[in-house]
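The structure appears below as structure tokens.
Every value quoted in this text rests on a predicted model; they were computed, and no experiment measured them. Here is how names work: the chains are called A, B, and so on, in the same order as the sequence lines, proteins then strands, and each is numbered from 1.
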Protein chains: 2
Amino acid sequence: MTAAGPSPARRGPGRRPGSADTRGEILDAARTEFADRGYDGASVRGIARAASVDPALVHHYFGSKEQVFIAAMALPVDPGEVLPDVLAGDRDQLGERFARLFLGLWSDPAFREPMLALLRSATTSERGAQMLREFVASSMLRRVASAVDAPDAQLRVATAAAQLVGVVLLRYVIGVPPLATATDEEIVALVAPTLQHYLTGG
Amino acid sequence: MTAAGPSPARRGPGRRPGSADTRGEILDAARTEFADRGYDGASVRGIARAASVDPALVHHYFGSKEQVFIAAMALPVDPGEVLPDVLAGDRDQLGERFARLFLGLWSDPAFREPMLALLRSATTSERGAQMLREFVASSMLRRVASAVDAPDAQLRVATAAAQLVGVVLLRYVIGVPPLATATDEEIVALVAPTLQHYLTGG
């Protein structure tokens with residue numbers, strides 16, 4: 001926080017929402033809090049305290065904890081926005097929609113780079129792994145699993161996620177030839193039935 | 001190489017195969033050569049030159065380049081030994097045999113730790129990625145693809161590998177809850193049909 005004046009959050013309706021600096025300081029504090037406490041352990045209140053601002057200001061700028069995380073990690077996509085659309089469509093095409101969404105996002109360097117940074121952090125430090133695992137579980141797996149009608153829904157969704165994560169790891173990180181050079185559509189054609197099987201048993 | 005005496009490889013039949021030090025020096029040279037040139041670019045001859053020994057001595061200690069790599073990276077399993085057995089059995093159980101072999105190996109920390117070191121190196125440096133990708137392509141994917149009867153055999157095998165790699169990444173590195181806590185057999189039951197589909201179209 002800058003040293004100047006009262007907290008903008010206390011100015012009431014019509015207030016100006018603080019300086020660009022304040023926003024950046026909240027994000028800095030959020031990155032530290034998520035790294036130190038994991039995704040589950042961090043809170044909007046704790047992030048506000050670390051940034052010396054009112055929690056209402058964090059809500060004002062970002063909304064929920066999930067959205068603070070997305071902004072702090074510079075993730076270009078909000079799972080809370082894209083997943084409901086994918087889940088809402090025709091059930092028979094669920095696997096195909098997931099495969100196409102995921103591969104489409106990863107084909108964009110602006111999406112891929114921050115995701116690779118998260119993945120590197122998760123493979124090289126337990127703190128990074130904890131942060132990513134809790135965010136993935138809370139923000140993605142639970143949302144998708146709620147739409148899967150099976151006693152082992154969470155395991156099925158995680159195994160489907162493993163298929164997609166493995167593909168982008170071999171395609172974009174390790175660069176294994178046929179996966180690195182195939183088109184998105186060739187890969188979608190192979191993995192869509194797999195995802196469909198995990199998610200709907202079909 | 002130790003400074004003492006002529007190269008043991010030049011002593012002819014019945015020679016003693018050098019000191020334990022010589023073996024270690026060959027492995028040190030091999031790690032440097034693989035990191036600098038990748039798996040495809042490295043050669044037994046180049047490794048011997050870097051270790052200042054005769055190539056015959058490298059062959060004597062280790063055999064092929066593949067086996068030098070396996071020893072240098074402390075990989076506990078030789079794909080050239082285990083893959084033919086898996087490929088030779090009943091075709092209808094191919095996916096299940098692969099899933100069980102892979103998960104069984106990864107459940108052993110003595111297997112997991114050197115593999116995780118390779119994976120970390122691949123996610124954090126392009127040299128590490130090149131080394132792993134070329135070894136995986138040459139030592140594993142090609143062997144398995146030769147047993148798959150499909151025009152896109154290499155892509156199918158790589159996608160099957162992606163499923164397994166994704167599972168162990170989420171299970172052992174990121175620690176995503178249902179995959180981290182499920183039993184090997186629960187996971188085998190889910191992924192075996194997927195692998196079977198990729199490898200045999202069934």
Side-chain angles (χ1 to χ4, degrees), chain A residues 116-126 128-138 140-142 145 150 152-183 186-187 189-191 193-195 197-198 201, chain B residues 116-126 128-138 140-142 145 150 152-183 186-187 189-191 193-195 197-198 201:
Chain A
L116 287 177
L118 264 184
L119 187 62
R120 276 191 202 101
S121 150
T123 57
T124 50
S125 90
E126 168 49 26
Q130 184 192 349
M131 188 172 71
L132 181 57
R133 128 179 109 238
E134 292 173 353
F135 173 69
V136 165
S138 163
M140 289 180 248
L141 299 185
R142 250 169 251 164
D152 57 349
Q154 297 242 4
L155 184 61
R156 285 174 165 270
V157 173
T159 307
Q163 172 71 82
L164 291 171
V165 169
V167 163
V168 297
L169 183 75
L170 267 54
R171 182 169 174 75
Y172 290 114
V173 182
I174 307 182
V176 171
L179 273 172
T181 53
T183 65
E186 286 172 313
I187 300 172
L190 268 177
V191 304
T194 301
L195 304 182
H197 168 73
Y198 290 142
Chain B
L116 287 177
L118 264 185
L119 187 62
R120 276 192 201 100
S121 150
T123 58
T124 51
S125 90
E126 167 50 27
Q130 183 191 350
M131 187 172 72
L132 181 58
R133 130 179 106 238
E134 292 173 353
F135 174 68
V136 165
S138 163
M140 289 179 247
L141 300 185
R142 250 168 253 164
D152 57 349
Q154 297 241 5
L155 184 60
R156 285 175 165 269
V157 173
T159 307
Q163 172 71 83
L164 290 172
V165 169
V167 163
V168 297
L169 183 75
L170 267 54
R171 182 168 174 76
Y172 290 113
V173 182
I174 307 181
V176 170
L179 272 172
T181 52
T183 64
E186 285 171 314
I187 301 172
L190 267 178
V191 304
T194 300
L195 305 181
H197 169 72
Y198 290 142

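- Interface check for chain A: of the options B:Val165, B:Thr159, B:Val167, B:Val176, the most heavy-atom pairs under 4.5 Å are formed by B:Thr159.
- Of the atoms belonging to B:Ala122, heavy atoms from both backbone and side chain fall under 4.5 Å from chain A.
- Listed here is the closest heavy atom pair of A:Gln163 and B:Ala162: NE2-CB, 4.0 Å.
- Note: B:Leu155 leads B:Thr181, B:Leu155, B:Val173, B:Leu164 in heavy-atom pairs under 4.5 Å with chain A.
- Residue contact with chain A, scored on non-hydrogen atoms closer than 4.5 Å, is absent for B:Arg171.
- Contacts with chain B were tallied for A:Ala129, A:Gly166, A:Ala160; A:Gly166 has the most, counting heavy-atom pairs under 4.5 Å.
- Proximity to chain B is limited to the side chain of A:Ala137, based on heavy atoms less than 4.5 angstrom apart.
- Of the atoms belonging to A:Leu179, heavy atoms from both backbone and side chain fall under 4.5 Å from chain B.
- Shortest non-hydrogen contact noted between B:Tyr198 and A:Leu190 is CE2-O, 3.4 Å.
- The residue among A:Arg156, A:Glu186, A:Met131, A:Arg133 with the most heavy atom pairs within less than 4.5 Å of chain B is A:Arg133.
- Rounded to the nearest 0.5 angstrom, A:Thr194 OG1 and B:Leu195 CG are separated by 9.0 Å.
- Only the side chain of B:Leu119 comes within less than 4.5 Å of a heavy atom in chain A; its backbone stays farther off.
- Taking all atoms of both residues into account, the shortest heavy-atom contact from A:Pro178 to B:Gln154 is CG-O, 3.5 Å.
- Heavy-atom minimum distance, A:Thr123 versus B:Arg120: O-NE, 2.5 Å.
- Proximity to chain B (any heavy atom under 4.5 Å) is shown, for A:Ile174, by both the backbone and the side chain.
- Ranked by heavy-atom pairs shorter than 4.5 Å toward chain B, the options A:Pro177, A:Ala158, A:Ala161 are led by A:Ala158.
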